[in-house]
Peer 1: 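I'd like to ask you about the structure that follows.
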Amino acid sequence: MKPFEFENEIDIAWCPGCGNYSIRKALIRALQELEADPLHTVLVSGIGQAAKMPQYVNCHFFNGLHGRGLPVAVSVKACNPHLTVIAEGGDGDMYGEGGNHFIHNIRRNPDITHLVHNNMIYGLTKGQASPTSQKGFVTNVQVDGVINQPFNPLAVALSLGATFIARAFSGDIDQLTDIIKAAVKHKGYALIDIFQPCVTFNKTNNFAWYKENTYSLDSHYDSSDKENAAKKVMETEKYPLGIIYRENGVKTFVEKINIYQDNKQPIVCRNRDLGKVNQLIND
Amino acid sequence: MKPFEFENEIDIAWCPGCGNYSIRKALIRALQELEADPLHTVLVSGIGQAAKMPQYVNCHFFNGLHGRGLPVAVSVKACNPHLTVIAEGGDGDMYGEGGNHFIHNIRRNPDITHLVHNNMIYGLTKGQASPTSQKGFVTNVQVDGVINQPFNPLAVALSLGATFIARAFSGDIDQLTDIIKAAVKHKGYALIDIFQPCVTFNKTNNFAWYKENTYSLDSHYDSSDKENAAKKVMETEKYPLGIIYRENGVKTFVEKINIYQDNKQPIVCRNRDLGKVNQLIND
Amino acid sequence: MKETLTIVLSGEAGQGLQTIEEFLVQSIKSDYHVFSNKEVMSRVRGGNNTVEIVISDKQVYAYRNDIDVLFLLNNDSFDRLKKRVHEKTVIIGESSFLSEDNKKKYEMIELNLTELSKTAGNKLYANTILFGYIARMISLETSICEQIIRSNFKKLKEEIIEANIQAFSLGYNHYKKTAMIKEIAKNSMADDYKMIDGTTALSIGALAGGCNFVASYPMSPSTGVLIYLSKKAKEFNVLVEQAEDEIAALNMVIGAWYTGARGLATTSGGGFALMGEALSLSGITETPCVIHIAQRPGPATGLPTRTEQGDLNLALYAGHGEFPRIILAPGKLEDACLLGQKAFYLADKYQVPVIILTDQYFLESMGEMKKMFFEEKYLKQFIEKTDSGYLRYKLSDHPVSIRGVPGFGDGFVKVDSDEHGENGLLTEDFDIRVQMNDKRLAKEKLILDDYQEANLIGSSEYDNLIIGWGSTYGVLEEYVRESKDSTSFLYIKQVYPLSSKLLPYLRKAKKIICVENNATGQFANLLHWYLDVKADIRILKYNGEPFSIEEINLRLKEATK
Amino acid sequence: MKETLTIVLSGEAGQGLQTIEEFLVQSIKSDYHVFSNKEVMSRVRGGNNTVEIVISDKQVYAYRNDIDVLFLLNNDSFDRLKKRVHEKTVIIGESSFLSEDNKKKYEMIELNLTELSKTAGNKLYANTILFGYIARMISLETSICEQIIRSNFKKLKEEIIEANIQAFSLGYNHYKKTAMIKEIAKNSMADDYKMIDGTTALSIGALAGGCNFVASYPMSPSTGVLIYLSKKAKEFNVLVEQAEDEIAALNMVIGAWYTGARGLATTSGGGFALMGEALSLSGITETPCVIHIAQRPGPATGLPTRTEQGDLNLALYAGHGEFPRIILAPGKLEDACLLGQKAFYLADKYQVPVIILTDQYFLESMGEMKKMFFEEKYLKQFIEKTDSGYLRYKLSDHPVSIRGVPGFGDGFVKVDSDEHGENGLLTEDFDIRVQMNDKRLAKEKLILDDYQEANLIGSSEYDNLIIGWGSTYGVLEEYVRESKDSTSFLYIKQVYPLSSKLLPYLRKAKKIICVENNATGQFANLLHWYLDVKADIRILKYNGEPFSIEEINLRLKEATK
Ligand SMILES: Cc1ncc(C[n+]2csc(CCOP(=O)(O)OP(=O)(O)O)c2C)c(N)n1
Ligand SMILES: Cc1ncc(C[n+]2csc(CCOP(=O)(O)OP(=O)(O)O)c2C)c(N)n1
Ligand code: SF4
Ligand code: SF4
Ligand SMILES: [Mg+2]
Ligand SMILES: [Mg+2]
């Protein structure tokens with residue numbers, strides 16, 4: 001049994017053909033290739049099809065509330081910096097219900113990896129528009145088509161100072177694996193928006209559509225150039241795939257927190273000095 | 001008694017010298033100069049010092065919950081497009097607690113004016129960091145100084161396709177008045193982030209600091225140039241004041257909603273045909 | 001006594017069970033009384049879902065545990081259903097779907113849909129073949145069935161429709177009559193009845209109540225109402241907007257009411273748990289709102305696609321501070337219509353939040369409902385044009401002040417989430433605070449003028465009184481109608497505030513038995529402190545399933561002896 | 001009998017009332033017993049705020065309505081205080097602050113602080129002058145007062161400190177003895193007592209309970225705890241983070257507990273109304289959490305800086321679905337320490353959410369508290385190192401499973417907001433659902449092993465039993481100690497779950513009187529359904545003020561006669 005895999009076959013609740021399977025493969029492969037220790041890896045998710053991921057990867061997990069994966073992930077990492085923390089969920093989960101945590105956690109720059117399955121739809125609730133759904137997209141609620149501007153997670157992340165911004169496609173497992181590895185290794189907040197076809201509810205943005213509407217950044221692309229990145233994240237004719245922006249050396253949340261300045265121990269290992277508390281109350 | 005003013009003197013709860021007084025002056029003047037009808041004007045706010053504004057301007061108002069001004073404002077406008085709707089609040093109110101409504105309502109492009117008093121602090125709760133507080137800023141909660149990247153509302157708005165983005169300073173009432181007038185006239189969502197000194201709790205970003213760290217865009221500035229705007233919104237050495245980006249002709253929320261396609265009447269004026277409902281239940 | 005035949009179709013998500021359910025219900029209703037319900041897993045494909053179709057010669061409303069005929073449509077569903085299968089159950093399906101062991105224990109009729117659909121030319125026809133098969137089994141009129149196929153597939157090409165009709169015949173002819181399956185005397189529902197599910201009934205009720213604004217965030221099992229109203233939006237002038245989260249949803253709804261619309265937020269317990277602050281906003285600003293809570297088992301994500309009545313307490317006490325509210329809990333399809341309508345009227349009339357409490361089982365079951373004509377009276381608008389001296393919170397003998405809306409009249413409509421004076425401006429005056437608090441709380445009594453009376457089902461003379469609310473109505477009404485002991489059933493539709501009109505019913509009982517689909521007896525607790533009546537026995541269920549008639553029979557027999 | 005002198009200082013926000021309060025309390029405590037409280041408007045400058053200082057020869061804990069000496073520090077405060085002024089009240093202030101009419105009705109002593117501070121050289125010295133004035137009035141030891149000035153201003157330049165001492169003398173010498181102000185026999189608090197406010201007591205309690213993580217969003221009156229713990233963060237290794245909203249706050253706290261920390265979220269009713277879903281998450285995942293709700297009057301924004309006990313119901317029922325919780329409500333300063341500590345212990349031990357309910361009045365009043373030594377026992381960690389076969393939700397006779405945390409041991413800690421099996425993976429199995437629900441709910445009984453017993457104050461023989469919880473402790477304890485009728489007071493500290501240990505006290509009473517700072521009697525309702533005990537009389541107050549001793553005297557006399 002290899003790390004992050006299960007002894008016995010597991011029942012996966014996703015639809016056959018769903019892009020989520022490939023993401024799972026890439027995630028497990030990335031963690032294995034990084035030789036990550038499952039006992040020091042925590043997957044944190046919200047609720048949705050994407051957010052079921054922790055059920056299918058053998059390590060610690062906290063499968064919380066719809067939209068609320070990030071705050072849990074960030075505090076897990078903050079309380080124990082020795083853990084590798086990955087927050088994962090869908091586009092509705094992370095950009096819709098969880099939008100406020102998305103924008104404010106970028107500002108914290110926690111050292112976590114953030115995987116968002118972007119299928120441009122709410123899968124688990126059977127096909128309503130997600131924040132990333134494209135204009136005109138017809139659903140059972142948006143009966144005359146989506147009228148709102150799609151949410152651009154990469155542009156928002158960049159505007160807030162995110163230090164690792166990438167887009168991937170579940171159809172290219174190798175690239176995705178590489179990006180995940182880079183994201184996990186990155187010191188700071190790392191966002192990967194992963195295009196993922198929902199074969200059941202999104203008949204528009206299917207595998208072929210994603211294939212047609214994306215291209216990979218070539219090896220000459222300079223991901224440290226912020227101005228260029230600012231243009232790349234706005235491209236929608238064809239969406240660029242790859243690490244669009246990366247900035248090293250920005251202090252992470254833990255590196256900035258006062259109690260970690262002279263002491264790197266996880267909180268759980270530190271003891272409260274009751275004598276000092278008694279002094280407080282008795283002086 | 002001029003429109004938007006009161007018959008008798010009113011008791012204003014702001015501190016003497018607070019920037020909010022100037023914003024009030026500019027707002028009232030702008031509405032008067034636009035000859036807006038107070039009976040068709042609705043001020044919607046959340047909670048905070050800034051959010052007390054509706055108490056001091058004589059027109060309709062809905063003074064709702066901390067962070068929740070925008071959803072109310074957007075639905076007021078959507079239910080009655082004949083009304084002029086202004087949402088107003090503080091940086092904590094609108095970008096902190098209300099952050100999710102901020103990012104998603106930009107995507108709707110509702111035809112409302114959004115005034116955010118940016119004093120880089122929580123005033124009403126007596127001085128904690130707000131999302132726009134600058135790094136290192138010391139407060140009673142951020143005792144070793146703010147460690148998170150400040151929130152950049154203009155950059156976020158631009159990345160989400162906002163069609164009117166401006167920054168003003170309460171210290172320049174004339175400019176602010178002009179910008180408010182342009183914003184109210186703008187068809188679509190119009191954001192004005194207003195620098196406002198909090199004389200009581202923010203001793204760092206005081207009047208002089210704002211004066212020193214801002215400059216006005218000159219008359220040659222082309223606010224329709226998005227690429228240039230993208231650079232302007234990132235400037236922090238000195239913050240540009242003025243209308244940074246303006247895009248006309250983008251459909252507003254109401255223009256896109258299906259029930260307004262052939263009928264412009266406010267919802268409250270439309271009658272339910274009970275006969276048709278009875279058909280539904282009886283066929 | 002009723003005769004019933006319980007057919008269960010068991011397959012996996014994505015196999016189209018819901019389509020067969022609709023075809024069957026639509027066709028069966030011309031020959032029999034029918035009731036259907038389903039239970040599905042929280043997944044889009046695979047797993048094990050079932051549809052239950054109960055056929056009877058009399059009205060039926062209740063979930064049945066015991067299966068008469070079980071169709072196995074895939075391999076791994078039998079184990080999960082074992083408890084519902086008995087000696088006389090006939091199992092129909094592909095031979096390989098049942099183990100050899102089980103084949104020895106149960107009657108099995110082979111039906112190889114895979115092969116038959118190959119014959120028919122496409123595996124997509126499996127459902128139509130099955131439809132034909134069942135049609136013959138329960139002697140349905142083929143012409144009606146064909147009509148149903150035609151009308152449901154009317155958007156498809158003619159040749160495909162024809163092929164489906166062929167497939168239907170294939171299935172029809174494939175069935176061989178057998179005595180193992182009991183025959184039910186034909187007796188269809190009356191002409192003034194129609195088949196409908198809870199979701200549709202409630203949604204139509206909302207339309208009848210003037211609902212013209214919906215802001216919601218999708219959440220099972222409440223999304224059906226959102227979808228139905230989206231479909232009708234243009235025809236009925238309903239502004240439907242999917243909100244970015246539940247907090248936005250209710251704040252938008254409140255903004256809509258402030259502007260004169262009649263807004264609805266539909267959600268489930270988890271979504272409602274985020275709405276407490278906004279509910280409180282509706283309370284203090286006296287801006288009406290209507291919220292539909294479609295309950296499912298919690299806590300937290302719990303069992304997203306199952307049923308429970310676990311959120312009554314939350315509905316009762318959500319929101320900080322003290323303010324009145326109304327909670328309605330339809331359990332009968334007619335009441336989903338009526339209370340769906342009345343909710344908007346009550347909200348408007350009393351300027352309070354109104355909550356409609358349903359659950360997954362109620363919303364997703366289909367049963368027969370008496371047709372009706374909605375009354376205009378509930379569309380009455382309580383909004384008035386304002387004068388120039390208008391005061392939104394004018395104090396008077398009557399706790400409900402005149403409600404104006406911006407843009408209509410000469411007055412300003414000033415509304416504040418802070419404690420406020422008559423003019424809507426914030427105040428910190430102690431006396432005004434008390435007056436305003438008293439004004440708001442005084443509505444709780446006033447609301448009882450419109451109390452939605454409970455129904456006593458069964459004899460007006462009884463020893464035992466069952467109390468139920470919401471979706472337990474069906475099973476309890478069936479129990480009481482069939483039982484011979486001295487037991488009646490008080491069906492509560494308005495769970496809050498409760499009226500003292502209920503007391504005579506309660507006092508008469510020697511034994512009060514509260515039946516609830518939750519683990520703690522939340523309504524029984526309410527009854528205790530609010531009307532000072534103690535339930536003698538609580539019959540509770542909280543595994544995610546509704547009560548079955550068999551379980552109710554057993555547990556009530558035990559309780560009443 | 002106690003002798004008390006009630007001094008009220010009335011001014012506007014920004015005038016530094018809080019500084020004078022601290023100076024006075026610190027100096028008075030060496031000569032008298034003292035209790036102080038304040039009421040402030042929801043604004044940063046202007047308006048009218050007051051500080052009340054009660055001086056006595058015995059312990060005092062209660063807010064007084066009637067003012068003996070009123071200092072008017074600005075112009076427009078008298079009208080708002082009229083109801084608290086009586087014939088014998090001595091008013092001190094600038095002549096112009098009282099109208100001519102009022103000057104005829106009341107005794108006034110002129111004190112022109114504006115002029116005196118001009119003499120002293122700077123208007124900033126007004127507070128120190130006033131301090132001196134009052135020091136002489138109540139015969140404080142000048143050396144102690146000077147020491148206090150020095151230590152409070154120790155960061156300032158020596159010349160400014162000197163000038164303040166001069167200003168103090170100026171005020172001191174300015175006061176002329178008068179018989180109009182009664183003298184209180186000196187009797188200071190014992191050495192093993194200290195002056196403290198509720199905020200500090202609770203915060204220190206949290207530190208004693210091992211609190212090492214705080215995520216909160218500022219909200220009055222809960223922010224004080226956040227501020228105190230921020231100040232102590234580095235010294236005590238507490239990770240304090242201001243969250244982007246309350247939802248993030250509680251989810252972060254839950255994430256912290258999951259990782260082995262002891263987290264706290266401090267908020268008020270409106271913030272807590274947003275935390276219901278996360279509370280439910282704590283419930284189903286059995287991840288502990290501690291929440292402090294600092295109550296203020298609602299609904300919605302209500303009266304942000306006033307006091308109320310209106311959120312008990314919300315604390316009791318927040319969150320969807322059914323799960324156990326513990327609610328503690330300290331009313332005595334010692335208990336803020338003890339329960340603040342114990343909250344973390346209980347959360348850890350039973351793996352449930354624990355809520356500490358306080359209110360503005362309790363948090364912001366200063367009184368004397370017996371010093372104490374915290375017990376190590378409450379720091380006991382219940383976390384265990386995991387084995388490789390570790391199951392987070394292992395079922396056994398005991399409903400509390402072993403809790404491991406990631407990174408410590410060989411097992412995986414898998415935690416799910418869906419219903420789950422022993423291994424933490426989601427399940428839809430009906431039987432496991434029931435087992436897990438039963439497991440969680442079974443803790444409610446178990447928790448009572450650690451029930452924080454109520455205190456009976458007064459004679460153990462009584463006819464009338466007053467019930468109070470939380471901040472009404474002070475006024476009720478004073479009432480009972482002083483009253484001669486057969487009335488005792490049962491001070492409830494753990495309001496949920498309630499123990500049957502309370503029943504003997506309750507059954508003994510001829511008359512049960514529930515006193516609550518809310519409009520509906522929320523605790524009385526709980527008592528009714530939970531322990532089946534009905535309060536005979538409810539004494540309620542909900543104007544935003546705490547009960548005063550005078551009002552309690554009046555209303556209890558009425559109630560007990
Ligand atoms: C508070 C709350 N609101 C709504 C839901 C219902 N819900 C579950 S998953 C989901 C959206 C799923 O979409 P997404 O996050 O994009 O994930 P996907 O299924 O597409 O992978 C919603 C709305 C919920 N569980 N909780
Ligand atoms: C749900 C909720 N959380 C917290 C608060 C407390 N609160 C009131 S105003 C405020 C922040 C004020 O800051 P800002 O919005 O920047 O306005 P300012 O006072 O600076 O103008 C907070 C946190 C509240 N009223 N409601
Ligand atoms: S519904 Fe869509 S996202 Fe969900 S498992 Fe199926 S294909 Fe994947
Ligand atoms: S606290 Fe600051 S923002 Fe508030 S009124 Fe005073 S100066 Fe203005
Ligand atoms: Mg999605
Ligand atoms: Mg601010």
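Numbered from 1 within each chain, the chains take letters A, B, ... in sequence-line order.
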Peer 1: When rounded to the nearest 0.5 angstrom, what is the spacing between CG in D:Leu239 and CG in A:Asn258?
Peer 2: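 It is 7.5 Å, given to the nearest 0.5 Å.
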Peer 1: Could you go through D:Leu281 and A:Phe62, starting from their C-alpha distance and side-chain angles, then the distance that decides it, and tell me whether this counts as side chain to side chain contact (heavy atoms under 4.5 Å, CB included)?
Peer 2: CA-CA 11 Å; D:Leu281 175 68; A:Phe62 190 101; 4.0 Å; yes
Peer 1: Testing A:Val76, A:Val85, A:Val42 for side-chain contact (heavy atoms from CB on, under 4.5 Å) with D:Thr259, which one passes?
Peer 2: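 Exactly one pass, corresponding to A:Val76.
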Peer 1: Side chain, backbone, both or neither: which part of D:Ile383 has an atom under 4.5 Å from a heavy atom of chain A?
Peer 2: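 The side chain, not the backbone.
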Peer 1: Select one option (side chain, backbone, both, neither) describing which atoms of D:Phe213 are under 4.5 Å from chain A's heavy atoms.
Peer 2: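 For D:Phe213, the side chain is the part near chain A, not the backbone.
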Peer 1: So for A:Leu83, is it side chain, backbone, both, or neither that comes closer than 4.5 Å to the heavy atoms of chain D?
Peer 2: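 For A:Leu83, the side chain is the part near chain D, not the backbone.
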Peer 1: Does any heavy atom of chain D fall under 4.5 Å from the side chain of A:His104, the backbone, both, or neither of them?
Peer 2: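 Side chain only.
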Peer 1: Which residue out of D:Ala243, D:Gly411, D:Ala233 racks up the most heavy-atom pairs below 4.5 Å with chain A?
Peer 2: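 Highest number of pairs under 4.5 Å: D:Gly411.
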Peer 1: Please classify the contact between A:Ile267 and chain D as side chain, backbone, both or neither, with a heavy-atom cut-off of under 4.5 Å.
Peer 2: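 For A:Ile267, backbone and side chain are both near chain D.
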Peer 1: Is the shortest side-chain heavy-atom distance between D:Asn237 and A:Asn271 below 4.5 Å?
Peer 2: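 Sidechains of A:Asn271 and D:Asn237: no contact.
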Peer 1: Taking only Lys NZ, Arg NE, NH1 and NH2, and the carboxylate oxygens of Asp or Glu, determine whether A:Arg107 and D:Glu244 approach each other closer than 4.0 Å.
Peer 2: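 No salt bridge links A:Arg107 with D:Glu244.
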Peer 1: With a 4.5 angstrom heavy-atom cut-off, could you sort out which part of A:Ala13 is near chain D: side chain, backbone, both or neither?
Peer 2: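 For A:Ala13, neither part sits under 4.5 Å from chain D.
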Peer 1: Give, as side chain, backbone, both or neither, the part of A:Leu43 having an atom under 4.5 angstrom from any heavy atom of chain D.
Peer 2: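 Nothing of A:Leu43, per the 4.5 Å heavy-atom cut-off to chain D.
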Peer 1: Need one label for D:Phe408: side chain, backbone, both or neither, based on atoms under 4.5 Å from any heavy atom in chain A.
Peer 2: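 Contact with chain A is through the side chain of D:Phe408 alone.
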Peer 1: Give the C-alpha distance, both sets of side-chain angles, the deciding distance and a yes or no for side chain to side chain donor-acceptor pair (under 3.5 Å) between A:Arg68 and D:Asn251.
Peer 2: CA-CA 7 Å; A:Arg68 315 303 170 187; D:Asn251 277 282; over 6 Å; no
Peer 1: Side chains of D:Glu375 and A:Leu274: does their closest heavy-atom pair fall under 4.5 Å?
Peer 2: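 The answer is no, as the side chains (C-beta and beyond) never meet within the 4.5 Å cut-off.
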Peer 1: Name the option with the most non-hydrogen atom pairs under 4.5 Å to chain A; the candidates are D:Thr285, D:Leu379, D:Ile204, D:Thr200.
Peer 2: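 If we count pairs closer than 4.5 Å to chain A, D:Ile204 comes out on top.
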Peer 1: Are any of the side-chain heavy atoms of A:Asp273 and D:Glu235 separated by less than 4.5 Å?
Peer 2: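 Result no, sub-4.5 Å side-chain heavy-atom pair not found.
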Peer 1: Measure distances from D:Leu250 to the heavy atoms of chain A and classify the residue's part below 4.5 Å as side chain, backbone, both or neither.
Peer 2: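 No part of D:Leu250 comes within 4.5 Å of chain A.
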Peer 1: By a 4.5 Å heavy-atom criterion (distance strictly below it), what part of A:Asn58 contacts chain D: side chain, backbone, both, or neither?
Peer 2: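 Both the backbone and the side chain of A:Asn58 come within 4.5 Å of chain D.
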Peer 1: Does D:Tyr258 reach the side chain of A:Val72, with side-chain heavy atoms less than 4.5 Å apart?
Peer 2: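 Counting from C-beta outward, D:Tyr258 and A:Val72 never come under 4.5 Å.
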Peer 1: Do you know which of D:Ser280, D:Gly205, D:Ala208, D:Ala261 has the most heavy-atom pairs with chain A at a distance under 4.5 angstrom?
Peer 2: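 Heavy-atom pair counts peak at D:Ala208.
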Peer 1: Given heavy-atom pairs under 4.5 angstrom as the criterion, report whether the side chain, backbone, both or neither of D:Asp410 touches chain A.
Peer 2: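 For D:Asp410, backbone and side chain are both near chain A.
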